[in-house]
Amino acid sequence: MSLTTAINTAQTSLSNTSTQTNIVSRNIANASNPDYNRRNAALSTNVYGAQVVSIQRAQDQALFQQSIKSASSSSGQQSLLTGLTTLKGIFGGNDYEQSPAALLGTLRDTLSTFAAQPGENTLAQSTIADAQILAAGLRDGSAAVQRVRLDADQEIQREVDNLNELLSRFETANNNVYQGTQARRDVSAHLDDRDSLLKQISQIIGVTPITRSGNDMALYTSDGTTLFETVARPVTFDSSAGFSATIQGNGVYVDGVPLPAGQGSSSTAKGTIQGLLQIRDDIAPKLQTQLDEIARALVVSFAETDQSATPTLPDEPGLFTWSGGTVPAGSTLVPGISATITVNPALVPSLGGDPKLLRDGGINGAAYNANPAGAASFSAQLDSFVVAIDNPTGFDATAGLSTSTSLLDFAADSIGWLELNRSEADSAAQTREAFMFRAEEAYSNDTGVSIDEEMSMLLELEQSYKASARLISAVDEMLQALMSVVR
């Protein structure tokens, strides 16, 4: 080996060491950055040994896609669980002590005691007070359900705005990757940026990335709608000012195609938007329907009937009434009735009413008086109310529960339905979170930075630098010796 060759070899080695040290330093500095992929210097041999020809970024597309899919599934399930937990909170703690079933049970027990002692005015007032608590519980429950829907609707708007912003930034990152790849520049940083945005997008909506020629990427939703292809496709949504039992929420459209809501307690939702749509358009409205059916059945069960030998007058609201002021016919849902149900003012002492009218009837006039003599021991009407609570009656099938059961059992089934969905959603959320964690861990192990490996590499580079420096020093000594001979 000539001295010139030795010098060139040493210079090449030092240049490689400098580049590799820079890469290792950058790797170590980003060891805790979840959006950073490890870099390596690719070497190629030449007449002077080896030379850095490119910087390679660690990546595993299959693991990455599995990671973002599990993130979408987990975030959708978590959105559903959050909504169900909020709905559960409407009715008290773990025992649902403020639920319609609990309040109705209390009213039934007080009513039974009143029926056993119909002459006791205190029991009459207690019964009316329990009825007021039940009616207020239904009104409050209905209002809370609609607030949950409104909160979900507003959160959908925020997520859609966030998604559109992320898609715009994704377009910039994708252009940088594509143009850098065409120019044969190092695009590792742009790839990190694009993958980071893709992770955030997958939290909001299910996404399938397709890498095309030139490192260009296209995005499709989990049901195949184009989300990004060269340019970001518009995601549109108009939030609502408020909700009631008769108001439907607006849809979310991806490039003009409606995004479906998630389904089932182990939800099909991919991303938060579909989970929120499921709460707003499926779970909460179903619970509202059940509250409405309980309210409707209360108005019907406690209605006054014409006491004439030959009844000609229609049934009228008795203990419970509502804004419609009539007794609903049949077993047909009356949307929103639970929002306005109240105890008849004619029975409320604070409003000048007489609670004994519950025992005797006659709220709607003499024709409806079942105890015209005013006997203090009269309990037939009170007994009929107790029986009405416990005996099977008809319910609308849209409530999703039994269409023939007692009012008390229907109210209990409603809470059972809510708790079953919440507990199944909780179990599914834990499973999907664990799966997401494992997928991200596997991807991180494959593409992330290991401090131990980087430090080991740093020691090797240190030895390489020392060897190159020693070689240059030896050549220098040899040249000095030659020069001294010449002089």
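Just the heavy atoms: all of them, side chains too, but no hydrogens, waters or symmetry mates, feed the values below.
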S.K.: Does any donor atom in the side chain of Thr106 or Asp130 lie under 3.5 Å from an acceptor atom in the other side chain?
M.R.: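 Thr106 vs Asp130: no donor-acceptor pair found between side chains.
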S.K.: Would the distance check show the side chain of Ser70 and the main-chain N or O of Ser67 forming a donor-acceptor pair, the cut-off being under 3.5 Å?
M.R.: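 It does hold such a pair.
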S.K.: Roughly how far, to the nearest 0.5 Å, is CD of Gln200 from CG of Leu166?
M.R.: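 Leu166 CG to Gln200 CD: 5.0 Å, rounded to 0.5 Å.
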S.K.: Which value, rounded to the nearest 0.5 Å, describes the distance between Asn250 atom CG and Ile247 atom CD1?
M.R.: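 That separation rounds to 10.5 Å.
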S.K.: Closer than 3.5 angstrom, by distance alone: can the side chain of Glu293 be matched with the main-chain N or O of Ala399 as a donor-acceptor pair?
M.R.: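 Not a single qualifying donor-acceptor pair exists.
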S.K.: Is a side-chain donor-acceptor pair under 3.5 Å present for Arg38 with Asn27?
M.R.: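 Checked: Asn27/Arg38 side chains show no N/O donor-acceptor pair below 3.5 Å.
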S.K.: For Phe237 versus Val160, what's the shortest heavy-atom pair and its separation?
M.R.: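 Shortest heavy-atom separation between Phe237 and Val160 comes out as CB-CG2, 4.0 Å.
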S.K.: Are Gln146 and Gln288 linked by a side-chain donor-acceptor pair shorter than 3.5 Å?
M.R.: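 Per modelled atom types, Gln146 and Gln288 side chains form a pair under 3.5 Å.
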S.K.: Between the side chain of Ser423 and the main-chain N/O of Leu420, is any donor-acceptor distance below 3.5 Å?
M.R.: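 Side chain of Ser423 to backbone of Leu420, a donor-acceptor pair under 3.5 Å: yes, one is there.
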S.K.: Measure the spacing between OG1 of Thr340 and CZ of Arg139 and express it to the nearest 0.5 Å.
M.R.: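 Here the interatomic distance stands at 9.0 Å.
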S.K.: Tell me yes or no: between the side chains of Asp153 and Gln157, is some donor less than 3.5 Å from an acceptor?
M.R.: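 There is no such pair (donor and acceptor under 3.5 Å, judged by atom type) between the side chains of Asp153 and Gln157.
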S.K.: Would you please say whether a donor-acceptor pair under 3.5 Å links the side chains of Arg432 and Ser73?
M.R.: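 Ser73 and Arg432 do have a side-chain donor-acceptor pair below 3.5 Å.
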S.K.: Of all heavy-atom pairs between Met436 and Ser74, which one has the smallest distance, and what is that distance?
M.R.: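 Shortest heavy-atom separation between Met436 and Ser74 comes out as SD-CB, 3.9 Å.
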S.K.: Give, for atom CG of Asp193 and atom CG of Asn176, the distance between the pair rounded to the nearest 0.5 Å.
M.R.: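 The CG atom of Asp193 sits 8.0 Å away from the CG atom of Asn176.
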S.K.: Over all heavy atoms of both residues, which pair between Leu80 and Ser267 is shortest? Give the atoms and the distance, please.
M.R.: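 It is CD2-CB, 3.7 Å.
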S.K.: Do Asn164 and Thr236 make a side-chain contact, defined as non-hydrogen atoms from C-beta onward lying under 4.5 Å apart?
M.R.: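 Asn164 does not reach Thr236 side chain to side chain.
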S.K.: Counting N and O atoms only, with roles assigned by atom type, does the side chain of Thr225 sit under 3.5 Å from a partner on the main chain of Thr221, one being a donor and the other an acceptor?
M.R.: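 Not confirmed, Thr225 side chain does not pair with Thr221 backbone.
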S.K.: Which of parallel (below 30°), tilted (30 to 60°) and perpendicular (above 60°) describes Phe170 and Phe228?
M.R.: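 Phe170 vs Phe228 ring planes: perpendicular.
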S.K.: Check whether the side chains of Asp452 and Ser450 place a donor and an acceptor atom closer than 3.5 Å, and report yes or no.
M.R.: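 Side chains of Asp452 and Ser450: no pair found under 3.5 Å.
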S.K.: Taking atom types as modelled and ignoring hydrogens, do the side chains of Thr272 and Glu159 form a donor-acceptor contact shorter than 3.5 angstrom?
M.R.: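 Thr272 vs Glu159: donor-acceptor pair found between side chains.
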S.K.: Do the side chain of Asn174 and the main chain of Met217 share a donor and acceptor less than 3.5 angstrom apart?
M.R.: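 Such a contact is found between Asn174 side chain and Met217 backbone.
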S.K.: Taking Ser75 for its side chain and Ser72 for its backbone only, find out whether a donor-acceptor pair lies under 3.5 Å.
M.R.: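 At least one qualifying donor-acceptor pair exists.
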S.K.: Is any side-chain heavy atom of Ser331 less than 4.5 Å from a side-chain heavy atom of Thr403?
M.R.: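 No, side chains not in contact.
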S.K.: Do Tyr96 and Glu419 have side-chain atoms, one donor and one acceptor, less than 3.5 Å apart?
M.R.: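 Judged by distance alone, the side chains do pair up.
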S.K.: Is there side-chain contact between Ile205 and Leu259, with at least one heavy-atom pair below 4.5 Å?
M.R.: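 Ile205 reaches Leu259 side chain to side chain.
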S.K.: I'd like to know if the side chain of Ser444 and the backbone of Glu440 have a donor-acceptor N/O pair within less than 3.5 Å.
M.R.: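 No; judged by distance alone, with no hydrogens or angles, the pair does not exist.
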S.K.: Look at Arg57 together with Asp195 and state whether they make a salt bridge at an N to O cut-off of under 4.0 Å.
M.R.: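 Asp195 and Arg57: salt-bridged.
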S.K.: Taking the side chain as everything from C-beta on, heavy atoms only, tell me whether Leu333 gets closer than 4.5 Å to Phe395.
M.R.: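 Heavy-atom side-chain distance check fails, nothing below 4.5 Å.
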S.K.: Quick check: closest heavy atoms across Ala269 and Gln278, and the distance to 0.1 Å?
M.R.: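 Nearest pair, atom of Ala269 first, then Gln278: CB-OE1, 4.5 Å.
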S.K.: Please check this pair: side chain of Arg212 against backbone of Ile210, looking for a donor-acceptor N/O pair closer than 3.5 Å.
M.R.: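 No, because the side chain of Arg212 does not come within donor-acceptor range (under 3.5 Å) of the backbone of Ile210.
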S.K.: Quick one: OG1 on Thr17 to CD on Gln463, what's the gap to the nearest 0.5 Å?
M.R.: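 One gets 11.0 Å once the value is rounded to the nearest 0.5 Å.
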S.K.: Can you confirm whether Ser414 sits close enough to Leu401 that some side-chain heavy atom of one is under 4.5 Å from a side-chain heavy atom of the other?
M.R.: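 With C-beta onward as the side chain, the pair touches.
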S.K.: For the CG atom of Asp109 and the CG atom of Leu104, what is their distance to the nearest 0.5 Å?
M.R.: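 Answer rounded to 0.5 Å: 9.5 Å.
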S.K.: Answer with yes or no whether the side chains of Tyr465 and Asn16 bring together a donor and an acceptor at under 3.5 Å.
M.R.: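 Tyr465 and Asn16 do not have a side-chain donor-acceptor pair below 3.5 Å.
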S.K.: Quick one: does any side-chain atom of Asp476 pair with a main-chain N or O of Ile472 as donor and acceptor, under 3.5 Å?
M.R.: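 No: the side chain of Asp476 does not pair with the backbone of Ile472.
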S.K.: Would you name the heavy atoms of Ala58 and Asn37 that are closest together and state the gap between them?
M.R.: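 Scanning both residues, the minimum pair turns out to be O-ND2, 2.7 Å.
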S.K.: When you measure from the side chain of Thr86 to the backbone of Thr82, do you find a donor-acceptor pair of N or O atoms at a distance under 3.5 Å?
M.R.: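 Flag set: sc Thr86 to bb Thr82 pair under 3.5 Å.
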S.K.: Side-chain contact test, heavy atoms from C-beta onward, threshold under 4.5 Å: evaluate it for Pro209 versus Gln65 and give yes or no.
M.R.: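 Counting from C-beta outward, Pro209 and Gln65 do come under 4.5 Å.
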S.K.: For a quick test of reading the model, state the closest non-hydrogen atom pair linking Thr332 to Arg296 and the distance between them.
M.R.: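 In this case the closest contact between Thr332 and Arg296 is O-CD, 3.0 Å.
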S.K.: The test is side-chain hydrogen bond (donor to acceptor under 3.5 Å, both in side chains); show your working for Ser338 and Asp292 and say whether it passes.
M.R.: CA-CA 5 Å; Ser338 61; Asp292 287 341; 2.6 Å; yes
S.K.: Could you check if a side-chain atom of Val145 sits within less than 4.5 angstrom of a side-chain atom of Phe243, using non-hydrogen atoms only?
M.R.: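 The answer is no; the side chains never approach within 4.5 Å.
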